[in-house]
Amino acid sequence: VSTKTQSPLTVKSTSSPEDLTNLTPLATNGLALTLATSSFGGTSTSIMKILASFNPLSNLKGSTEYDQAQVESWLTYGITNIEVPVSAIKVSSNASSELIDSIKKDLDFALSVINCHVMPTTYMVGNDVTIADIALVCALKEAADLKLWDPTNTSDEKKEHITKWY
């Protein structure tokens, strides 16, 4: 396994997809990206960071240092407030109704934060799509698939703007 650090991203690669489990505990249940000579494993967010770093001119990680910090912040927000709770339900075969209700309540709050943020703007950061938009949409799709929120419900004023953004 070789390690290369590009602030704020540390990229670990292997020469074979079989070695992905050594990269991260999530690799067996996460994603794998195999290029000509290397394989990368991890979450969708880590894979998006790797892909965005291949073409910095795409500005997928943000066009300025300020935007890049904002992208990182929203990626962390999405992981902490959406992906982790949704994953907890997915891996728990016997999740109690209390746990699901608690996660729905927390997710509802996370959605309201995003809703307020996208009220005056089209994108999460800046004037273009970034990996923050992509990562949050992917996480929200997982939540919608588990019926934790309904992106088609346009009558909910608390989620009016996030529904348009989504």
OG1 (T121) and CG (N127) are apart, to the nearest 0.5 Å, by 6.5 Å
Cluster overlap L51 with M48, hydrophobic side-chain contacts below 4.5 Å: no
Note, S53 side chain near K61 side chain (heavy atom, < 4.5 Å): yes
Residues two or more places apart in sequence or in another chain: which of them pass side-chain contact (heavy atoms from CB on, under 4.5 Å) with V84? I79
Do M119 and M124 land in one hydrophobic cluster if side-chain heavy atoms of ILVMFWY residues count as linked below 4.5 Å? no
What pairs with E142 under salt bridge (charged side-chain N to carboxylate O under 4.0 Å, His left out), at least two apart in sequence or on another chain? K90
If you look only at pairs with a residue in residues 79-105, which of them pass as a ring pair (Phe, Tyr, Trp, His ring centres under 6.0 Å), with sequence neighbours excluded? none
Does the pair K49 and E72 meet the rule for a side chain to side chain contact (heavy atoms under 4.5 Å, CB included), with working shown? CA-CA 10 Å; K49 286 180 181 181; E72 284 295 322; 3.1 Å; yes
Would you please name every residue forming a side chain to side chain donor-acceptor pair (under 3.5 Å) with Q70, sequence neighbours left out? Y66
Can you list everything that forms a side-chain contact (heavy atoms from CB on, under 4.5 Å) with S58? Sequence neighbours excluded, please. N55, L60
Evaluate N81 against L107 for side chain to side chain contact (heavy atoms under 4.5 Å, CB included), listing each step before the verdict. CA-CA 7 Å; N81 295 286; L107 183 62; over 6 Å; no
One should read off an interatomic distance between N115 CG and K164 NZ, to the nearest 0.5 angstrom, of 9.5 Å
Can L75 be reached from V129 by stepping across I, L, V, M, F, W or Y side chains whose heavy atoms are under 4.5 Å apart? yes
Give a yes or no on whether the backbone of N59 and the side-chain of S63 come within a donor-acceptor separation of less than 3.5 Å. no
Mind checking what makes side-chain contact (heavy atoms from CB on, under 4.5 Å) contact with D150, not counting sequence neighbours? T152, N153
More than 12 foreign heavy atoms under 6.0 Å from CG of D101: is that the case here? yes
Once ring pair (Phe, Tyr, Trp, His ring centres under 6.0 Å) is applied, what residue pairs with a partner in residues 95-141 remain, sequence neighbours excluded? W74-H117
Begin with the C-alpha distance, continue with both residues' side-chain angles, and end with the deciding distance and a verdict on side chain to side chain contact (heavy atoms under 4.5 Å, CB included) for I82 and I114. CA-CA 11 Å; I82 302 169; I114 297 169; 3.9 Å; yes
What's the shortest heavy-atom distance between K147 and K104, and which atoms? O-CE, 3.8 Å
If hydrophobic clusters are built by linking Ile, Leu, Val, Met, Phe, Trp and Tyr wherever their side-chain heavy atoms come under 4.5 Å apart, do I47 and V86 end up in the same one? no
Under the ring pair (Phe, Tyr, Trp, His ring centres under 6.0 Å) test, residues paired with W165 that sit two or more places apart: none
Given D67 and T130, is the side chain to side chain contact (heavy atoms under 4.5 Å, CB included) satisfied, shown in steps? CA-CA 9 Å; D67 286 352; T130 63; over 6 Å; no
Once rounded to the nearest 0.5 Å, what's the spacing between atom OH of Y77 and atom CD of E83? 13.0 Å
Would you say that I131 contacts V71 through its side chain, given a criterion of any heavy-atom pair below 4.5 Å between the two side chains? yes
Going by atom type alone, with no hydrogens or angles, which donor-acceptor pairs under 3.5 Å involve a side-chain atom of residues 134-141 and a protein atom two or more places apart or on another chain?
from : atom 1 : to   : atom 2 : distance (Å)
K141 : NZ     : D145 : OD1    : 3.2
K141 : NZ     : D145 : OD2    : 2.8

Mind checking side-chain contact (heavy atoms from CB on, under 4.5 Å) for K159 and listing every partner two or more places apart, or none if nothing turns up? D108, L111, W149, D156, I162, T163
